[in-house]
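This report refers to the structure that appears directly beneath it.
A quick note: this is a predicted structure, and the numbers were derived from the prediction, not measured. In the text below, chain A, chain B and the rest are named by the order of the sequence lines, each starting its count at 1.
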Amino acid sequence: MKLVTWNVNSLKVRLPQVLDWLAAHQPDVLCLQETKLEDVNFPAAAISAAGYQTVFSGQKTYNGVAILSKTSASEIITAIPGYADVQKRVLAATIAGVRVINLYIPNGQSVDSDKYQYKLGWLEALTAWLTDELACHPRLAVLGDFNIAPDDRDVHDPKAWEGQVLFSLPEREAFQRLVDSGLTDSFRLFEQPEKIYSWWDYRMNAFRRNMGLRIDHILLSGELARTCKSCIIDKEARKAERPSDHAPVMVEF
DNA sequence: ATGGCGTACAGAGTACGA
């Protein structure tokens, strides 16, 4: 089974690239973040024509998540239960016996902002919920844009990023607590080349200079981690004309 | 130097991302 996460930064703009990517890679499941579309405008017909079913939870301008899959999705949840949030950042579904949890975790903006506190509170609620989900679904994958680089290796310049949002200690500790609830960072199951990232700023020629961060992740329950064969970041997608600033991350198990 | 670029909404300039 091939499972993918990709922050597309507007599905309206990136739809042709998403369709091309589906045709080229034929994943079983593709989780999207930052669709930036109200549900009424979701391009379900075009995606259906490409052979994929869709579930989605979006809003105007910001956020928005979707799951594209070859087989049908059930047990759909669009929010962390009991956590009130008007921002559409969560979509969970069961597909082919795998519990898929697609997340667009808050960015946090800067460590002294209200948005940073919202991010930390959100992560706490998420971890409590995922502990329950793991108990119900031994075959579980949590994937998405986490907006956290967990380790020095995941940052092009850890000294410069120290204490900054996306790499601050409280965020990394929250990520670790999430992992400690019973999940494995699939990327680190395998020997990986150095300086592999999933996001590069549009500015400052960051991509050309490989000034990136690894902030998009696929975390697997023990049962899925044991049979995981690979975790790859498709840097090629970031080279496209008018690319998303994120690259797709793909696991196979 | 708090910029740089890209997207959305709007119809110019601001908010936001990461």
Side-chain angles (χ1 to χ4, degrees), chain A residues 5-18 31-43 56-66 85-90 102-123 126 143-175 178 187 195-217 233 235 237-249:
Chain A
T5 178
W6 192 8
N7 180 325
V8 288
N9 185 19
S10 169
L11 183 55
K12 186 180 173 185
V13 172
R14 232 66 67 190
L15 180 61
Q17 291 183 42
V18 168
C31 294
L32 304 178
Q33 303 87 37
E34 286 207 87
T35 54
K36 301 188 179 180
L37 288 171
E38 289 184 294
D39 289 348
V40 66
N41 296 322
F42 193 86
F56 40 87
S57 176
Q59 64 187 95
K60 205 178 191 177
T61 310
Y62 301 117
N63 311 312
V65 281
D85 189 359
V86 296
Q87 303 189 23
K88 304 298 190 188
R89 299 180 173 277
V90 172
N102 178 16
L103 302 175
Y104 176 45
I105 292 178
N107 169 287
Q109 198 164 67
S110 68
V111 295
D112 55 3
S113 74
D114 292 344
K115 294 188 176 74
Y116 183 80
Q117 294 307 319
Y118 163 67
K119 181 179 192 173
L120 294 180
W122 203 98
L123 285 162
L126 172 69
L143 56 173
D145 177 358
F146 284 67
N147 272 314
I148 300 172
D151 190 90
D152 280 5
R153 294 174 290 177
D154 304 317
V155 180
H156 68 93
D157 185 349
K159 284 264 188 336
W161 278 88
E162 191 177 344
Q164 302 294 313
V165 73
L166 314 184
F167 192 55
S168 73
L169 201 54
E171 291 165 88
R172 295 161 66 191
E173 286 171 345
F175 182 89
L178 190 57
F187 187 77
K195 304 183 194 306
I196 298 294
Y197 310 117
S198 69
W199 169 84
W200 301 260
D201 202 304
Y202 284 122
R203 299 166 293 187
M204 303 178 294
N205 281 313
F207 182 66
R208 188 180 56 73
R209 299 156 73 188
N210 199 27
M211 296 170 63
L213 304 178
R214 192 176 69 92
I215 56 177
D216 301 87
H217 306 297
I233 300 179
K235 195 174 177 177
R238 185 63 173 77
K239 298 175 181 171
E241 191 104 355
R242 223 179 163 186
S244 168
D245 44 356
H246 296 253
V249 184

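One atom, CZ of A/F207, and another, P of B/dA18, lie 17 Å apart when rounded to the nearest Å. Protein atom OH of A/Y118 is 13 Å distant from nucleotide atom P of B/dC16, rounded to whole Å. Between the CD atom of A/E171 and the C1' atom of B/dA18 there is a distance of 10 Å, rounded to whole Å. Rounded to a whole Å, the CZ atom of A/R238 is 12 Å from the C1' atom of B/dA18. Distance A/F175 CZ to B/dA18 P: 16 Å, rounded to the nearest Å. In this entry the distance linking NZ of A/K115 with C1' of B/dA18 reads 13 Å, nearest Å. Across the protein-nucleic acid pair, A/D216 atom CG and B/dG17 atom P stand 15 Å apart, rounded to whole Å. Taking atom CH2 of residue A/W200 and atom C1' of nucleotide B/dG17, one finds them 16 Å apart after rounding to whole Å.
Applying the ring-ring contact (aromatic ring centres under 6.0 Å, His included) test to A/F167 and every residue at least two apart in sequence or in another chain returns nothing. Taking the side-chain hydrogen bond (donor to acceptor under 3.5 Å, both in side chains) definition, one finds that A/S110 meets it with A/D112, sequence neighbours left out. Remark: A/F207 engages A/W200 in a ring-ring contact (aromatic ring centres under 6.0 Å, His included) (not counting sequence neighbours). Taking the ring-ring contact (aromatic ring centres under 6.0 Å, His included) definition, one finds that A/Y116 meets it with nothing, sequence neighbours left out. Residues passing the side-chain hydrogen bond (donor to acceptor under 3.5 Å, both in side chains) test with A/Y118, sequence neighbours excluded: A/D85, A/Q87, A/R89.
The nearest pair of heavy atoms linking A/V65 to A/T35 is N-OG1, 3.7 Å.
The C1' atoms of B/dA10 and B/dA15 are separated by 13 Å, rounded to the nearest whole Å. Atom P of B/dA1 sits at a distance of 23 Å from the matching atom of B/dT14, rounded to the whole Å. The C1' atoms of B/dG11 and B/dT2 are separated by 28 Å, rounded to the nearest whole Å. Rounded to a whole angstrom, the distance from the C1' atom of B/dT7 to that of B/dA12 is 16 Å. Comparing B/dC16 with B/dG3, their P atoms are spaced 14 Å from each other, to the whole Å.
To the nearest 0.5 Å, atom CD of residue A/E34 and atom NE2 of residue A/H246 are 6.0 Å apart.
Within the 4.0 angstrom heavy-atom criterion, only backbone atoms of the sugar-phosphate kind lie near A/D145; the bases stay farther away. Contact annotation for A/N7: backbone-only contact, meaning every heavy-atom pair under 4.0 Å involves sugar-phosphate atoms and none involves a base. Within 4.0 Å (heavy atoms only), A/E34 reaches sugar-phosphate atoms of the nucleic acid but no base atom. Backbone-only contact: A/Y104 has heavy atoms under 4.0 Å from sugar-phosphate atoms and none from a base.
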Quick tally for nucleotides 1-12 of chain B: nucleotides whose base has a protein heavy atom under 4.0 Å get B, sugar-phosphate-only ones S, the rest -, giving ---BBSSSS---

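Of the side-chain N and O atoms in A/Q109, one or more sit less than 4.0 angstrom from OP1 or OP2 of B/dG17.
Classified by its glycosidic torsion, B/dG11 falls in the anti category, the angle being over 90° from 0.
Under the 30°/60° scheme for interplanar angles, the aromatic rings of A/F42 and A/F56 are found to lie parallel.
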